[in-house]
Amino acid sequence: MKKALILIIGVVCALKVAAQVSVEARIDSIEMFVGQQVHVTLTANAQESAKVEFPQFQPTQYITPGVEVLGSKELEKQELDNGFVARSMVYTLTSFDDTLYYLPPMTVKIDGKPYASKSLALKVLTMEVDTMHADQFFGPKGVQDNPFQWSDWRLPFWLSVLLLVLLVFCYYLYLRLRDNKPIISHIRIVKHLLPHQKAMKEIEQIKADKMVTSENSKEYYTKLTDTIRKYIEERYGFSAMEMTSSEIIAKLVEVQDEGALSELRHLFLTADLVKFAKYSTLINENDQNLVSAIAFINQTKLENMPVEETVKPQLSEEDQRSQKARRILKTVITLISVVCALLFAYVMYAFYQLLN
């Protein structure tokens with residue numbers, strides 16, 4: 001009883017498996033013109049471990065009279081449910097006779113057991129030809145000369161290459177010019193006081209410091225005579241700071257009348273006595289010498305002297321080289337740009353002449 005039950009179960013499982021095994025054939029087009037190709041795909045669904053044998057055809061072998069097999073190609077298998085896989089073989093067919101063909105079932109062996117696909121149909125069509133008016137058909141044309149001549153295109157081609165090279169080089173120079181920052185120099189306008197204004201400013205400072213009434217007469221006369229010396233140096237243009245009092249008076253006699261120098265001579269004499277002979281002065285004498293200094297400045301001052309001076313910056317050698325290099329770069333970039341524009345215009349004109 002148990003053996004019978006096992007046998008029945010085995011038969012049922014085998015039938016179930018067999019029921020799932022299938023072979024299917026499909027064609028991608030049921031119509032084609034003479035000489036065209038169609039593809040028939042033969043698919044077998046079976047266990048992955050099953051041995052599947054597709055029908056094999058030799059090149060130019062006929063699947064049916066009039067329909068030729070050109071070749072075959074096996075596709076990658078696809079996994080299905082319950083451990084089944086689908087294996088496919090694609091056959092390429094062609095025909096040169098216009099008629100309706102019957103494609104018989106194709107047999108696939110699975111584990112040695114044959115499974116047949118369904119049959120297919122293929123309609124081969126032909127082009128209608130009007131044989132009554134053969135003069136409408138023209139024979140093949142003769143060999144035509146190639147219109148392209150390298151000798152005609154050679155010059156525009158190489159000029160185009162030269163144009164590209166020049167553009168790249170011009171862009172490189174532009175980057176160099178952009179990275180090399182310009183040297184910016186500003187001309188400064190310097191305003192300064194006139195010689196008599198400077199002298200009077202220092203005399204006012206002497207008054208503010210109350211040096212006239214100071215017991216240190218030497219410091220007072222040193223400051224006062226230095227102020228007069230600086231004024232004379234800037235006013236008359238000779239080095240009064242390095243000259244003695246007598247030398248200064250002698251130099252001033254050449255350019256100034258004696259009347260304006262009498263009080264100045266007395267001032268310098270008193271100052272020399274104080275500084276070198278330890279001469280003691282009175283306060284009214286100090287006041288008188290201060291007034292004499294102011295009077296000399298007022299008598300000899302020039303009001304129309306320029307109070308502004310233009311100061312031009314002095315560039316270093318490195319800055320001068322940098323400015324020169326920038327000028328050269330700008331000149332070269334300008335020249336290359338002009339040449340590129342001319343080359344572009346000529347190349348466009350040459351291409352236009354060759355194409356027309």
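Sequence positions, counted from 1, serve as the residue numbers for this chain.
Hydrophobic clustering (side-chain heavy atoms under 4.5 Å, transitive across Ile, Leu, Val, Met, Phe, Trp, Tyr) keeps I206 apart from M241. Note on L329 and F169: same hydrophobic cluster, where clusters join Ile, Leu, Val, Met, Phe, Trp and Tyr whose side-chain heavy atoms are under 4.5 Å apart, directly or indirectly. Residue L159 is grouped with residue V339 when hydrophobic side chains (ILVMFWY) are merged at heavy-atom distances under 4.5 angstrom, including chains of intermediate members. L335 and L342 fall into different hydrophobic clusters, where Ile, Leu, Val, Met, Phe, Trp and Tyr residues are linked whenever their side-chain heavy atoms come under 4.5 Å apart, directly or through other members.
Distance alone, capped at 3.5 Å, is enough to place a donor-acceptor pair between the T94 side chain and the Q36 backbone. A distance-only check finds no donor-acceptor pair linking the side chain of Y231 to the backbone of M200 [under 3.5 Å]. Not one N or O on the side chain of S29 forms a donor-acceptor pair closer than 3.5 Å with the backbone of V38. With hydrogens and angles disregarded, no donor-acceptor distance shorter than 3.5 Å links the side chain of T126 to the backbone of V34. Within the 3.5 Å criterion, the main-chain N or O of A240 finds a donor-acceptor partner in the side chain of R229. With D111 contributing its side chain and K51 its backbone, the two residues share a donor-acceptor pair below 3.5 Å. Not one N or O on the side chain of E263 forms a donor-acceptor pair closer than 3.5 Å with the backbone of F296.
Residues that satisfy the ring pair (Phe, Tyr, Trp, His ring centres under 6.0 Å) test with Y101, not counting sequence neighbours, are absent from this structure. For K275, there are no salt bridge (Lys or Arg N to Asp or Glu O under 4.0 Å) partners, not counting sequence neighbours.
Taking the six-membered ring for Trp and thresholds of 30 and 60 degrees, W153 and F351 have ring planes inclined between 30 and 60 degrees apart.
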Could you walk me through whether K251 and E247 pass the side chain to side chain contact (heavy atoms under 4.5 Å, CB included) test, one step at a time? CA-CA 6 Å; K251 192 73 174 176; E247 290 175 342; over 6 Å; no
Does the pair S95 and M32 meet the rule for a side chain to side chain contact (heavy atoms under 4.5 Å, CB included), with working shown? CA-CA 9 Å; S95 178; M32 74 172 189; 3.7 Å; yes
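Counting non-hydrogen atoms of neighbouring residues, nucleotides and ligands closer than 6.0 angstrom, the CD atom of Q61 exceeds 12 such neighbours. For Y102, the OH atom is densely surrounded, since the number of other residues' heavy atoms within 6.0 Å is greater than 12. Heavy atoms from other residues, nucleotides or ligands lying under 6.0 Å from NZ of K123 number more than 12. Counting heavy atoms of neighbouring residues, nucleotides and ligands inside a 6.0 Å radius, atom NZ of K223 does not exceed 12 of them.
Counting only heavy atoms from C-beta outward, the side chains of R87 and F54 approach each other to under 4.5 Å.
A side-chain donor-acceptor contact under 3.5 Å links R176 and Y172.
Paired with D226 under the rule side-chain contact (heavy atoms from CB on, under 4.5 Å), one option of L224, T222, I228 passes, and it is T222.
Applying the side-chain hydrogen bond (donor to acceptor under 3.5 Å, both in side chains) test to pairs two or more places apart or on separate chains, none has a residue in residues 331-342.
One distance of note links CD1 of I248 with CD1 of I232; it measures 5.5 Å at 0.5 Å rounding.
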